[in-house]
Amino acid sequence: MVSCALSYEGSSGVVSGRQSGRPTLEEVAARAGVGRGTVSRVINGSPRVSEQTRTAVARAVAELGYVPNQAARALAGSRTDAIALVIPEAEARLFAEPYFLDLIRGVSAELAEADKQLLLTLVRSEQERQRFEQYLAAQRVDGVLLASVHGDDPLPERIRELGLPVVMNGRRSEAEPVPYVDSDNIGAGRAAVAHLVARGRGRIATVTGPLDMYVARARLGGYRAGLTEAGLTPDEALVSAGDFTEEGGRRAMRLLLDRSPDLDAVFAASDVMAAGARAALREAGRRVPEDVALVGVDDSPVARLMDPPLTSVRQPIEEMGRTMARMLIQEIQGDGQPPAEPRRHVLPTELIARESC
């Protein structure tokens, strides 16, 4: 919690007649007549509070006699000029997937033009998440960019409770309340299936990403919509879940071949998984594209270097990174008025045809 991460000056305070060694957010909130989250936003310099509320919280902090050093700087309007990019994945996936490298490149370029420092953070466990929250509570960054967020991840709400602006790469659901930048993932699935159908394929399978992520569900939804639009009946035997890794794509493809040996096409929800699927097809003696056509997503270097080169749905990853960074900087430098609706940007995708289909 914020109160654990801030250092306070002074030795004692009295709240509701009780002697306390250090005030908590709850005590400051009670004195100011506001909620704990509001106190946190004021302490962290958020523009999303009124001047009246900011004054009430500042008065309560002063009356308790324990002024947080970080809060004093925040209330004075200081900035760190540092932005955290948080990726809740292991190093192996971060450096194996071109997606993350392109995203980092876009974020880094935009922040460099704005003279902001990039702090890249991996959060791989509950302990690391709690430690990162304490780091944020110490007001060491001005805002946070989040990538690869799973549906049950509490970090976006935690960051907002701390009063820090946050922008996500992708979203957790269709009703995502946090500002985000995404690509047209439903359109990606539909375009892939339409392309395969146009090439005469009728038993089209898919390797999905982890279905606790909206991006994976959206691409699966686009795949199903594409089948229906083509007059094909979706068959759950042709759906196999992967995890956006090459090995996950290999395992999912093997399962599909066991269940539906007559399949003649595969839509993999990422190029990396398509590479794994390609390896499994080769192991099974299936030729691409003669026996099984293959389409991926991302249009990454993986797609261009595969044998044969992979047809892939391009999403503008670097532009997503740049757009995220611009949105966050605009919120940090805003006029103090929260937007009427959370900002949402969905960028278009485009199918790039190559020899795999």
Side-chain angles (χ1 to χ4, degrees), residues 89-90 92-93 96-99 148 150-152 170 185-197 199-230 232-300 302-303 306 308 310-313 315 349 351 356-357:
E89 301 288 352
R93 187 178 172 208
E97 287 202 27
Y99 179 92
S148 192
H150 292 252
D152 60 351
N185 292 298
I186 294 176
R190 294 173 71 175
V193 171
H195 181 78
L196 290 165
V197 170
R199 296 299 187 274
R201 308 298 168 137
R203 289 286 289 168
I204 303 171
T206 185
V207 176
T208 77
L211 295 177
D212 66 333
M213 299 182 73
Y214 176 81
V215 58
R217 298 195 302 275
R219 290 176 186 174
L220 176 59
Y223 158 83
R224 288 172 172 156
L227 291 177
T228 300
E229 290 165 2
L232 300 174
T233 302
D235 181 353
E236 289 306 306
L238 292 172
V239 177
S240 185
D243 57 4
F244 286 134
T245 69
E246 183 174 355
E247 182 56 34
R250 189 193 306 258
R251 289 194 302 266
M253 189 71 247
R254 287 171 178 162
L255 181 60
L256 286 170
L257 288 171
D258 288 342
R259 288 196 310 222
S260 305
D262 61 338
L263 63 85
D264 61 6
V266 178
F267 165 53
S270 77
D271 291 347
V272 173
M273 289 196 300
R278 173 68 183 89
L281 288 167
R282 178 173 292 173
E283 292 168 0
R286 304 293 183 91
R287 299 168 300 165
V288 175
E290 293 85 353
D291 301 322
V292 179
L294 187 60
V295 176
V297 179
D298 287 339
D299 189 36
S300 66
V302 171
M306 276 180 60
L310 179 68
T311 294
S312 183
V313 181
Q315 55 176 339
T349 55
L351 187 135
S356 70
C357 177

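Along the sequence shown, residues are numbered consecutively beginning with 1.
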Which atoms form the tightest heavy-atom contact between [X] and [Y], and what is the distance?
X      : Y      : value
Ala284 : Leu257 : CB-CD1, 3.7 Å
Ser356 : Pro308 : CA-CG, 4.0 Å
Met273 : Gly242 : SD-CA, 3.9 Å
Leu227 : Pro234 : CD1-CA, 3.9 Å
Ala279 : Arg250 : CB-NH1, 3.4 Å
Asp291 : Gly285 : OD2-O, 4.1 Å

Please step through side chain to side chain contact (heavy atoms under 4.5 Å, CB included) for the pair Thr311 and Leu351, ending with a clear verdict.
-> CA-CA 7 Å; Thr311 294; Leu351 187 135; 3.9 Å; yes
Evaluation steps, side chain to side chain contact (heavy atoms under 4.5 Å, CB included), between Phe267 and Val297 = CA-CA 8 Å; Phe267 165 53; Val297 179; 3.4 Å; yes
To the nearest 0.5 Å, how far apart are [atom1] in [X] and [atom2] in [Y]?
X      : Y      : atom1 : atom2 : value
Tyr214 : Asn185 : OH    : CG    : 7.5 Å
Met213 : Arg219 : CE    : CZ    : 9.0 Å
Glu229 : Arg190 : CD    : CZ    : 4.0 Å
Leu256 : Leu238 : CG    : CG    : 7.0 Å
Asp152 : Asp212 : CG    : CG    : 6.0 Å
Ser148 : Glu89  : OG    : CD    : 3.5 Å

Side chain to side chain contact (heavy atoms under 4.5 Å, CB included) evaluation trace for Arg254 with Glu283 = CA-CA 9 Å; Arg254 287 171 178 162; Glu283 292 168 0; 3.1 Å; yes
Do [X] and [Y] come within less than 4.5 Å of each other through their side chains, counting heavy atoms only?
X      : Y      : result
Leu294 : Leu310 : yes
His195 : Cys357 : yes
Arg251 : Asp243 : yes
Val292 : Arg287 : no
Pro289 : Arg199 : no
Phe244 : Val215 : yes
Val266 : Thr206 : no
Arg278 : Met306 : yes

For the pair [X] (side chain) and [Y] (backbone), establish whether a donor and an acceptor sit closer than 3.5 Å, ignoring hydrogens and angles.
X      : Y      : value
Ser260 : Leu263 : no
Arg217 : Leu211 : yes
Asp264 : Arg201 : no
Arg259 : Ala237 : yes

With a 3.5 Å cut-off and no angle check, do the side chains of Asp298 and Gln315 form a donor-acceptor pair?
-> yes
Test side-chain contact (heavy atoms from CB on, under 4.5 Å), reference Ser312, set Asp299, Val302, Val295, output is Asp299
Could you walk me through whether Asp262 and Arg203 pass salt bridge (Lys or Arg N to Asp or Glu O under 4.0 Å), step by step?
-> CA-CA 7 Å; Asp262 61 338; Arg203 289 286 289 168; 3.2 Å; yes
Audit row: Thr208, Tyr223, side chain to side chain contact (heavy atoms under 4.5 Å, CB included) steps and yes/no = CA-CA 10 Å; Thr208 77; Tyr223 158 83; over 6 Å; no
Check ion pair Glu236-Arg224 (N to O, under 4.0 angstrom) = yes
